Amino acid sequence: MIAGSSVRRKNVMTPIVMANGSSVSLFIKFLLFLSLLASVRAQSLANSFFTEPDTYAGFTSRVNQKGFDLLAEYLKQRVSKFMQFGEVTYNVSLPLTPSVSLRIIAQRIDAFDASNFRSALKPLVGREIHWQGTNLKTTIRSVYRIISAGGEVTGTVPITFDKMSIDMGLLSGINSDGHLKTDMNKCKITVGDLIFAFSPNDAQLLQNYMPFIQRSIRENVDQLLCPSFHTEIVPVVSNRLLNTPMSSALFDHYFINYGLIGPIKYNADSVELQHRGNVFGILRQGRTRLNDFRLPFRSAPLTSVSDSKHMVTFQMSNYTIASLLYWMDQYRKFDYEISQSSVNDSNIAGYLRTECPTGEICAGTLFPALSTRFASGAVNIKTHTVSFPHVRLDNGKVVVIVDSRIDAFVQQSDKNRRFLTATMLAEVTLSNLAFKDYKLTGKLTIDSFKISDVISLVDGIDEGSLEFLINALNELLIAEDMATKLKDGIKLPIIFDFQQTGSEIKAEKDRLTIGADYCFDESCTKIEKNQDANADYYDVVQGADGH
């Protein structure tokens with residue numbers, strides 16, 4: 001067997017050692033093909049674990065025209081600042097005639113007139129985001145060099161670009177680092193008036209070349225100015241708009257998947273993203289995340305509704321919330337143990353005794369049969385879910401249904417005996433919803449519960465008495481813990497990176513809609529002054545009917 005293996009290795013290696021360059025190249029291409037095939041299969045495998053290709057979005061995010069208007073105003077200020085305090089750089093050679101060339105080098109910005117400058121940003125349906133700066137007037141002092149067979153003429157000249165318009169196409173995509181970012185797709189600049197302020201001597205010397213200089217600068221103005229606008233504008237757009245990773249950590253064990261299930265949608269009045277939107281748990285024992293991503297339920301369709309009221313809108317189905325609760329349940333966040341060892345409060349722990357001195361209250365005094373049957377013991381109660389929590393969104397409410405089993409034991413010195421089993425169906429509401437800095441927070445509260453299927457070895461403990469006991473434990477212990485489970489919030493992608501001014505949350509049929517507005521600099525100051533008296537400005541929560 002060893003000899004056979006050796007022969008096979010030799011036969012495989014022989015073509016590489018003996019082959020010519022063409023064979024080696026072909027072999028390398030074959031290896032690259034296998035590597036690419038493995039990569040494609042791995043990506044396909046990963047996608048199949050995330051969700052089926054034709055499934056619906058867990059949540060959608062949208063930036064509308066109001067958001068683009070705010071970013072356009074920000075870009076206007078950005079252009080004004082770099083025109084006043086920055087620089088425009090170009091160093092190009094342009095042909096004037098077959099035998100004469102012009103070399104022109106930007107030196108500094110002499111003047112910039114922002115009085116008529118306008119900035120507009122809007123999506124073009126099915127294509128891209130389009131930024132246009134119009135009525136821009138700037139004077140750039142430049143070094144010029146006219147080179148011909150007869151010699152060289154060198155000097156400096158202020159060039160005024162007046163009634164200038166910049167048109168820039170911007171496209172978003174996923175970078176190699178897994179972030180969604182925006183970059184320039186095209187840039188086109190047109191100039192109304194082009195004025196060269198040559199000195200009198202230079203103007204007389206170059207008068208025969210002036211028509212050629214005018215034409216050459218006009219035809220190549222993109223080459224001169226687009227690189228500077230790309231440097232100044234594109235990073236701002238890319239950082240402020242749709243710059244988000246494809247996932248974000250939640251709590252200690254979970255992250256929410258922002259991965260897109262389709263291309264970015266460029267609508268007439270908005271840019272829309274459809275996210276996978278399922279939340280995953282990271283299992284510590286797993287070396288790969290793939291096996292941890294399967295969920296036992298599917299997302300439901302989200303109806304895309306245009307929202308012209310808010311700059312940013314999220315529509316979240318119950319799929320995203322339910323998948324988070326599913327993984328919380330996997331980590332037993334909805335299981336409880338109430339015993340003398342698990343309760344930190346000694347007074348509450350005392351209530352669990354089956355016997356206590358006269359005048360005190362404990363489990364044994366509430367249920368005398370418990371004291372008779374299990375003397376000198378301590379009650380411990382355990383609940384565990386029998387299925388993952390189910391979420392219902394409807395009519396202004398977020399309701400979570402938790403189906404659990406209750407087991408009650410008495411710990412005595414030599415044994416721990418179960419004396420009761422039951423089922424409990426609890427209705428938990430998610431209230432106090434707030435959205436701030438792309439984090440959705442809320443408070444889980446047990447609204448009601450129903451005890452059934454009670455099997456008890458102790459007389460006097462039935463559905464009614466057990467509901468009384470669970471209600472008391474909820475008031476003392478469970479409610480506080482339940483309320484803090486979502487305190488760190490669900491982190492949604494930062495798709496529009498400005499200071500938030502307000503939010504609105506609406507729970508409708510199978511959909512949670514979150515709208516938010518933003519500002520920057522002076523506009524924030526004005527809004528803050530207007531909103532000082534409104535303490536609940538960030539926490540406007542409405543039902544489906546708007547109330």
Side-chain angles (χ1 to χ4, degrees), residues 75-76 79-80 82-83 86-114 116-121 124 127-171 183-234 237:
L75 293 178
K76 177 183 178 181
V79 171
S80 298
F82 95 77
M83 282 292 183
E87 60 180 357
V88 170
T89 59
Y90 50 78
N91 184 347
V92 297
S93 292
L94 305 173
L96 297 183
T97 69
S99 60
V100 180
S101 64
L102 167 67
R103 186 152 190 99
I104 187 164
I105 305 169
Q107 199 172 45
R108 67 173 185 268
I109 299 174
D110 277 355
F112 172 68
D113 182 5
N116 295 316
F117 178 53
R118 297 292 180 268
S119 172
L121 190 70
L124 299 182
R127 291 170 53 190
E128 63 190 14
I129 302 168
H130 180 253
W131 177 71
Q132 184 177 56
T134 54
N135 291 327
L136 189 149
K137 181 180 180 180
T138 184
T139 301
I140 303 172
R141 184 171 294 274
S142 304
V143 176
Y144 70 90
R145 187 175 296 157
I146 307 291
I147 304 169
S148 66
E152 183 177 303
V153 179
T154 303
T156 61
V157 58
I159 305 175
T160 298
F161 300 85
D162 194 11
K163 300 183 181 67
M164 186 165 64
S165 175
I166 307 112
D167 290 272
M168 189 178 292
L170 301 157
L171 280 174
D183 205 349
M184 187 176 76
N185 182 41
K186 59 187 177 183
C187 177
K188 178 66 178 175
I189 296 178
T190 56
V191 180
D193 297 326
L194 187 60
I195 303 168
F196 295 87
F198 287 107
S199 67
N201 290 338
D202 288 352
Q204 185 176 3
L205 184 65
L206 299 173
Q207 60 181 341
N208 293 332
Y209 291 110
M210 283 307 300
F212 301 102
I213 294 173
Q214 276 272 355
R215 185 185 65 188
S216 185
I217 295 294
R218 284 183 181 278
E219 290 178 351
N220 295 279
V221 67
D222 298 350
Q223 187 179 351
L224 268 67
L225 299 180
C226 277
S228 294
F229 280 95
H230 178 278
T231 300
E232 296 294 338
I233 295 297
V234 172
V237 175

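For the numbers below, each heavy atom of this structure counts, side chains included, while hydrogens, waters and symmetry mates do not. Keep in mind it's a predicted model, so treat the numbers as computed, not measured.
- The two residues Q214 and L194 make their nearest non-hydrogen contact at NE2-O, 2.7 Å.
- Checking side-chain atoms of T138 against main-chain N and O of A111 turns up a donor-acceptor pair under 3.5 Å.
- Using a distance-only test at 3.5 Å, with no hydrogens or angles considered, a donor-acceptor pair links the side chain of S228 to the main chain of T89.
- Aromatic ring centroids of F82 and F229 lie under 6.0 Å apart.
- The NZ atom of K76 lies 5.0 Å from the CZ atom of R118; values are rounded to the nearest 0.5 Å.
- Side chains of T134 and S165: no donor on one and acceptor on the other come within 3.5 Å.
- Summarising the local packing, CZ of F212 is surrounded by 12 or fewer heavy atoms from other residues, nucleotides or ligands at distances under 6.0 Å.
- Distance CD1/I104 to OG/S93: 10.5 Å, rounded to 0.5 Å.
- Scanning both residues, S142 and Y90, for their nearest heavy atoms gives OG-OH, 2.5 Å.
- The SG atom of C187 sits 10.0 Å away from the CD1 atom of I233 when rounded to the nearest 0.5 Å.
- Evaluation of the salt bridge (charged side-chain N to carboxylate O under 4.0 Å, His left out) rule for R218 yields no partner, not counting sequence neighbours.
- Salt-bridge formation is not detected for the pair D167/K188: no Lys NZ or Arg NE/NH1/NH2 atom is positioned less than 4.0 Å from an Asp or Glu carboxylate oxygen.
- Annotation for E152: atom CD counts as buried by contact number, over 12 foreign heavy atoms lying within 6.0 Å.
- To the nearest 0.5 Å, atoms CZ (F161) and OG1 (T190) are separated by 12.5 Å.
- Here the side chain of D222 pairs a donor or acceptor atom with the backbone of I189 at under 3.5 angstrom.
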TODO: Any chance you could lay out the side-chain contact (heavy atoms from CB on, under 4.5 Å) test for V234 and M168, step after step, and finish with the verdict?
DONE: CA-CA 9 Å; V234 172; M168 189 178 292; 3.9 Å; yes
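- In this structure, L206 CG and Y144 OH are separated by 5.0 Å, a value rounded to the nearest 0.5 Å.
- With values rounded to the nearest 0.5 angstrom, D162 atom CG is found 4.5 Å from K137 atom NZ.
- Here the closest heavy-atom approach between residue I109 and residue M83 is recorded as CG2-O, 3.3 Å.
- The two residues F196 and I217 come nearest to each other via the heavy atoms CZ-CG1, 3.7 Å.
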